[in-house]
Amino acid sequence: MASNSSSLSSISATATADQEISKIRRYLPQILAVSVKSVLLVVYGLTMGLPTILIPSLSGGIPGETIELDKDGISWIGSLNYLCVPLGCILSGTITKPIGRIKAMQAICMLFVAAFLLFHFANQAWHIFVGLFLTGFTGGLLEAPTLIYTVEVTEPSLRGAMCSSSTLAIALGVMVSFILGTVFPWRTMVLINGTIPLAGVILLFFIPESPYWLIMRQRVDEAGRNLAWLRGWTKVDNVREELQLLSERFQQLEADEPSWKKSLKQYGKATFVRPYLLICLTFVMAYSGTTQINIFAIKLFELLKVPLDSYYATILIGFVECLGSICLMVAVRWLGKRLLCFIAQSGIAVAFIITGVYTYQLGIWNFDAPIAKESIPNHTWLPLISILSIGFFSYLMTFTLPWIIMGELYPNNIRDTASGLSAGSGYIIAFIANKPFLDLVNWITLPGVFCMYSAVALAGMVLMYFLLPETEGKPLSEVTDHYAQGGVRLSNQVGRSSSKSKRDDGEFCAQ
């Protein structure tokens with residue numbers, strides 16, 4: 001580590017006091033870096049919206065379509081990609097560490113291109129399933145580099161909003177998928193989708209690699225230049241204090257590097273177990289209703305005979321989900337994650353109850369029991385509004401929550417792997433929630449399923465009151481200390497930015 005110290009000394013030898021930089025200039029490069037990274041999440045959103053378009057297209061009766069699936073095949077379309085995501089999550093942290101966040105994201109973009117091409121040229125059912133496997137697996141690979149890159153390049157005062165922007169990117173991808181699926185045949189749609197990850201590969205050349213990763217690779221000079229870029233396109237001398245702290249923390253972490261047996265023991269400690277269980281609980285909340293509504297949106301709208309074309313109604317779902325994500329980015333800094341979680345869960349519970357009661361009164365028990373148009377009352381906007389409300393409140397916080405806290409709760413020495421394990425567990429939960437959806441509807445009826453989702457939302461709200469710490473605006477050191485033995489518990493107040501917090505992310509490497 002002597003070379004690190006000498007390199008650091010050469011960087012900071014003639015350093016002066018930090019120059020005053022406006023907040024706009026300081027934050028803009030961080031926002032730009034995260035925005036470019038978000039292109040991958042837009043692509044992932046495209047893959048999430050794809051089953052909604054595929055299900056009616058491959059259910060039969062479409063002229064010229066060579067692929068037709070039965071009900072079991074349709075259920076796999078809505079769930080197979082979620083089953084495959086954990087495989088990618090397991091490898092996500094492993095491939096990110098040696099090659100860096102940027103190169104890992106560029107490689108992932110090319111895998112997405114391959115998947116979209118496979119969909120476009122598919123002429124047999126198994127081609128569709130292989131394509132779903134590849135999009136799910138690739139979606140898992142992007143978890144570690146995109147999540148950790150955001151945490152590593154942003155300051156505490158921006159971290160909550162920037163992490164929540166990931167959900168906005170996914171929602172935008174879903175909406176674009178719905179729009180393209182409405183305008184174009186699905187094969188043309190996937191071909192257009194393939195151009196977006198290609199653009200992502202190019203854009204990623206213009207943002208800096210994570211300073212944290214560079215210091216881990218003993219490239220301190222380059223880390224200094226990248227950190228200066230991210231803190232307002234300033235001089236290296238003006239970020240020397242933060243750079244020094246990062247380097248010192250890394251040296252301390254390297255000196256205390258545990259053996260593999262000690263590393264394994266880290267996953268039996270409260271600093272992993274308690275955050276992991278909390279994140280799994282938030283995934284149960286996130287995948288109880290929202291994804292099922294999205295996947296079967298077209299069939300559901302046709303069944304309820306909403307006063308809009310079913311494909312146009314799905315575009316509205318994408319729009320309100322984007323709106324919810326934007327509201328989250330604006331509000332999370334001031335209201336915090338806890339209060340937004342309570343608001344979102346309450347809204348979801350009420351919307352599902354309304355939808356359940358409506359379908360019960362009309363006697364809509366499952367997807368195979370359509371009702372006559374004349375039996376539907378005049379207020380047919382009601383189910384559309386309630387379903388749109390579910391999408392809005394889900395993306396206001398519930399669907400986003402596990403992805404935000406995943407990058408905050410774990411200590412640095414297990415963050416890569418723990419985040420991958422958590423994301424993988426989340427997608428297993430998603431598969432368990434999505435695969436039996438049609439069977440569940442046939443078993444307890446559609447109104448019963450909607451009421452069950454409402455009960456889950458209410459139960460989640462109560463549990464989050466007791467279990468969810470307020471991490472918004474607080475340094476990572478305080479967040480991870482919350483779960484350490486003898487650590488100080490976080491207050492439920494939203495943290496406010498200060499001069500100290502601007503550099504407190506330097507403690508990232510100390511966790």
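One is the number of the first residue; the rest follow in order along the sequence.
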Do [X] and [Y] touch side chain to side chain, with heavy atoms closer than 4.5 Å?
X      : Y      : result
Ile298 : Ile55  : no
Leu303 : Leu446 : yes
Asn226 : Val153 : no
Val236 : Arg225 : yes
Phe352 : Val456 : no
Tyr395 : Leu328 : no
Ile348 : Met285 : no
Ile148 : Trp213 : no

Can you see which heavy atom on [X] is nearest to which on [Y], and at what distance?
X      : Y      : value
Ser310 : Glu302 : OG-CG, 3.0 Å
Thr234 : Arg231 : CG2-O, 4.0 Å
Pro145 : Met105 : CB-CG, 3.8 Å
His127 : Ala122 : CB-CB, 3.5 Å
Thr154 : Gln30  : CA-OE1, 3.2 Å
Ile390 : Ala351 : CG1-CB, 3.5 Å

Distance from [X] atom [atom1] to [Y] atom [atom2], nearest 0.5 Å?
X      : Y      : atom1 : atom2 : result
Ser165 : Ile326 : OG    : CD1   : 11.5 Å
Ile404 : Ile279 : CD1   : CD1   : 11.5 Å
Leu308 : Phe301 : CG    : CZ    : 8.5 Å
Thr271 : Tyr410 : OG1   : OH    : 10.0 Å
Leu191 : Leu117 : CG    : CG    : 7.0 Å
Ile77  : Phe129 : CD1   : CZ    : 5.5 Å

Candidate list [options], test side-chain contact (heavy atoms from CB on, under 4.5 Å), partner [X], passing option:
X      : options                        : result
Phe112 : Ile196, Leu142, Asn193, Val201 : Leu142
Ile108 : Val43, Thr138, Thr146          : Thr138
Ile429 : Cys280, Pro402, Pro86          : Cys280

- Stepwise, does the salt bridge (charged side-chain N to carboxylate O under 4.0 Å, His left out) test hold for Glu209 with Arg217? CA-CA 12 Å; Glu209 180 59 83; Arg217 309 302 293 181; over 6 Å; no
[X] side chain to [Y] side chain, donor-acceptor N/O pair below 3.5 angstrom:
X      : Y      : result
Tyr276 : Ser425 : yes
Glu321 : Ser394 : no
Thr47  : Thr135 : no
Glu408 : Thr471 : yes
Thr355 : Ser386 : yes

- Message: Using a 6.0 Å cut-off, check whether atom NZ of Lys103 has over 12 heavy atoms from anything other than its own residue.
- Response: no
- If you count the non-hydrogen atoms of other residues, nucleotides and ligands that lie under 6.0 Å from CZ in Phe437, is the total more than 12? yes
Mutual orientation of the aromatic rings belonging to [X] and [Y] [parallel < 30°, tilted 30-60°, perpendicular > 60°]:
X      : Y      : value
Phe283 : Trp403 : perpendicular
Tyr427 : Tyr287 : tilted
Phe119 : Phe116 : tilted

- Trace of the side chain to side chain contact (heavy atoms under 4.5 Å, CB included) decision for Phe399 with Ser325: CA-CA 10 Å; Phe399 191 76; Ser325 300; over 6 Å; no
- Item | Steps toward side chain to side chain contact (heavy atoms under 4.5 Å, CB included) verdict (Leu168, Cys322) | CA-CA 6 Å; Leu168 173 60; Cys322 287; 4.1 Å; yes
- Could you give me the CA-CA distance, side-chain angles and deciding distance for Ser166 and Lys37, then say whether side chain to side chain contact (heavy atoms under 4.5 Å, CB included) is met? CA-CA 9 Å; Ser166 298; Lys37 174 268 325 179; 3.2 Å; yes
- Indicate yes or no: does Arg26 engage Glu155 in a salt bridge with an N to O separation below 4.0 Å. yes
- Task: Without swapping roles, check the side chain of Arg219 against the backbone of Leu214 for a donor-acceptor pair under 3.5 Å.
- Result: no
- Whether Ser92 side chain and Gly88 backbone form a donor-acceptor pair below 3.5 Å: no
- Task: Go through the steps to decide whether Met464 and Leu278 satisfy the test side chain to side chain contact (heavy atoms under 4.5 Å, CB included), and finish with yes or no.
- Result: CA-CA 9 Å; Met464 289 301 103; Leu278 173 62; 3.7 Å; yes
